[in-house]
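Report on the following structure.
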Amino acid sequence: MSFTTTLTLTSGDRNVLDEVVTDIKRTANRKGAALHGPHTKPTEVHAAPQAKCLHPTGDSYPQWEYTVYTRVIEIEGHDDFARAATQWDFPAGVHVEAEIKQVRAAGR
């Protein structure tokens, strides 16, 4: 049975995120792992209000806006590399989620 590991990487710093994705791709090529991606998801812009005081009718600062960038990488098989990639020491600004799917051959 084969496994597909999907890594979803998100960060507010596009340059750091792209460096992490490049490192994963470079390592996958060295190890001979089948890699699909990175797939870029649409950029999300979030906004948070900023109050000058705690009074409900008080003044407020302009909204604080921040951007979140997302990349999705799929690793086919090569379980050892997928396991190692999920345990890397990622930079503090990069959030990683791993989803593992078991793929069965046809007729099973």
Side-chain angles (χ1 to χ4, degrees):
M1 281 181 239
S2 180
F3 293 94
T4 300
T5 305
T6 303
L7 299 177
T8 304
L9 299 100
T10 57
S11 178
D13 188 347
R14 183 180 7 198
N15 294 331
V16 172
L17 182 64
D18 289 340
E19 287 176 17
V20 169
V21 168
T22 301
D23 288 345
I24 292 172
K25 287 175 57 175
R26 189 178 304 124
T27 306
N29 285 337
R30 271 198 332 253
K31 301 278 184 176
L35 189 77
H36 301 284
H39 306 291
T40 303
K41 289 193 173 183
T43 303
E44 298 177 13
V45 178
H46 299 277
Q50 300 185 84
K52 288 185 179 180
C53 65
L54 296 178
H55 194 272
T57 59
D59 292 336
S60 63
Y61 296 107
Q63 286 191 344
W64 175 56
E65 293 185 355
Y66 60 98
T67 307
V68 177
Y69 304 96
T70 305
R71 305 288 186 268
V72 178
I73 299 174
E74 297 170 352
I75 303 168
E76 298 273 339
H78 217 289
D79 302 336
D80 295 333
F81 170 71
R83 185 179 304 111
T86 59
Q87 296 173 353
W88 282 1
D89 187 23
F90 293 101
V94 177
H95 177 73
V96 180
E97 293 180 17
E99 180 182 341
I100 301 170
K101 293 182 183 176
Q102 185 174 5
V103 181
R104 296 176 186 244
R108 288 193 159 224

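All figures in this text were calculated on a predicted structure; none of them were measured in a lab. Positions are given from 1 along the sequence.
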Exercise. Would you check, one step at a time, whether the test side chain to side chain contact (heavy atoms under 4.5 Å, CB included) holds for L7 with T86?
Key: CA-CA 8 Å; L7 299 177; T86 59; 3.6 Å; yes
[atom1] of [X] to [atom2] of [Y]: how many Å apart, nearest 0.5 Å?
X: E74; Y: T5; atom1: CD; atom2: OG1; answer: 10.0 Å
X: R14; Y: T43; atom1: CZ; atom2: OG1; answer: 6.5 Å
X: E97; Y: T10; atom1: CD; atom2: OG1; answer: 6.5 Å

Shortest non-hydrogen separation from [X] to [Y] and the atoms involved:
X: K25; Y: P38; result: CD-CD, 3.7 Å
X: Q63; Y: Q50; result: C-NE2, 4.1 Å
X: A47; Y: E65; result: CB-CG, 4.0 Å
X: I24; Y: F81; result: O-CZ, 3.8 Å
X: G93; Y: S11; result: O-OG, 2.9 Å
X: A85; Y: F90; result: O-CZ, 3.3 Å

Quiz item: Should the heavy atoms of other residues, nucleotides or ligands under 6.0 Å from NZ of K52 be counted, would the total exceed 12?
Solution: yes
Would a 4.5 Å heavy-atom cut-off, applied to side chains only, mark [X] and [Y] as touching?
X: L9; Y: H95; answer: no
X: W88; Y: V20; answer: no
X: E99; Y: T8; answer: no

Quiz item: Does the side chain to side chain contact (heavy atoms under 4.5 Å, CB included) test come out yes or no for H46 and V68, once each step is laid out?
Solution: CA-CA 8 Å; H46 299 277; V68 177; 3.5 Å; yes
